[in-house]
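In what follows, a structure is listed as structure tokens, so that the remarks can point back to it.
Order of listing sets the numbers, starting from 1, for every ligand and every atom in it.
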Amino acid sequence: MVKTMTKLIHVILIFSLAYVVRSDRTLNTFKILHASGPEAIAFDLTGQGPYTGVSDGRVLKYEGPGIGFVEFAHASPLRTKEKCDGTDDPNLGPICGRPFGVGFNYRTGELYIADAFFGLCKVGPDGGLAEQLATSAEGGPFKWLDGLDVDSTTEMVYFTDISTKYTFRELPQALSSGDSTGRLMSYNPKTKEVQVLLSGLQIPGGTGVSRDGSFVLVSEYTGHRILKYWLKGPKANTAEAILSIHRPDNIKRTLLGDFWIGANIIMQQPAPNTIPQGVRINESGKVLETINLDGIFRNETIAEVQEFAGSYYVVSIRRNSVGICKCFVEENGRKLLGIRYDWIKENCS
Ligand SMILES: *[C@@H]1O[C@H](CO)[C@@H](O)[C@H](O)[C@H]1NC(C)=O
Ligand SMILES: *[C@@H]1O[C@H](CO)[C@@H](O)[C@H](O)[C@H]1NC(C)=O
């Protein structure tokens, strides 16, 4: 009897939770203005944002529900509003720029940008045209910078170059060719030195540095794994694979030191389909939590899941739809992901 009661209570709990998740009582969502294709987000020192790079070359800043996204910065000195605003044509990238990875140095308030066409750049707290810091490393010019993270303690910047063969304009070839010329690099703002930490990577989409700065993680999108590169300690300058995972993209550290990975299971059978997932791992690569996002993003890939101030942010680069969502419901003080696809379609096209 007691057992049955307990079971019953469990069932009720599960149902009420499901109900809460589906209600849009505290549902909140962000919209991209006149542009599409956000790939990564960052929050500034005072918790404002998110900031995100979009496909027309701008970095936008979210200014709150009444205002939405406003223009903040861009990396291309050639960019004109007439030619670029609102475009999602990759062929205009060499003129408009294409910011992917974004991350703040919390000591200086500067925003670092990994731009696919203009290399590693940074911009001050007032935004505007970013300063170009590096466009090449040992072994050649950057073809397509993508992932980025800043260690605000040491001020070191970690970033990825997807390939030394393909640019963003050759995305399909880069994905289908089995390319393994990607690199993980670091930039030291004190010496302005760019260092190649790892080469021979298979489409390294994201990177995240550990809380104590002893290692950096890098994802291999087509290599289906997460590598850990040691920066300090007995294993310094060596790498090891810590997790096999389908199509991992950006890696974002949580306050506690875990990492969220935006990942995508791509299936061919019975029909082609993508299941986007947020996967949280600890520093050893042990999976702690997996959230399936197919109820929300259906058959679309996601690039990033980020936890900030108790909420989840999911970033999808897909076109003509919302890119960033801050969508949650409160449940016992914890904010749970609960975004409804149809709601997004209606409100954020
Ligand atoms: C998912 O998208 C792919 C590519 O656009 C398409 O071929 C496939 O039919 C879609 N699958 C489903 C289940 O909608
Ligand atoms: C990660 O989780 C595993 C399994 O719970 C545990 O053995 C390991 O110590 C954890 N690693 C860290 C760095 O917390």
Worksheet item: Is it true that D56 and R98 have a side-chain N and a carboxylate O under 4.0 angstrom from each other?
Response: no
Fill in: Residue shell around ligand 2, heavy atom under 4.0 angstrom
N282, E283, S284, K286
Worksheet item: Is the closest side-chain heavy-atom distance between W144 and R169 below 4.5 Å?
Response: no
Worksheet item: Going by the atom numbers of ligand 1, which of them fall below 4.0 Å from some non-hydrogen atom of N273?
Response: 13 (C)
Worksheet item: Would you say P272 touches ligand 1, if touching means a heavy atom closer than 4.0 Å?
Response: yes
Discussion item. Taking the side chain as everything from C-beta on, heavy atoms only, tell me whether K143 gets closer than 4.5 Å to D161.
Written reply: yes
Fill in: Distance-only side-chain donor-acceptor flag, Q306 / W260, under 3.5 Å
no
Worksheet item: Judged by modelled atom types alone, do T46 and D44 share a side-chain donor-acceptor pair under 3.5 Å?
Response: yes
Worksheet item: Between E193 and N188, do the side chains contain an N or O donor and an N or O acceptor separated by less than 3.5 Å?
Response: no
Worksheet item: For E240, which of K228, R225, K235 qualifies under salt bridge (Lys or Arg N to Asp or Glu O under 4.0 Å)?
Response: K235
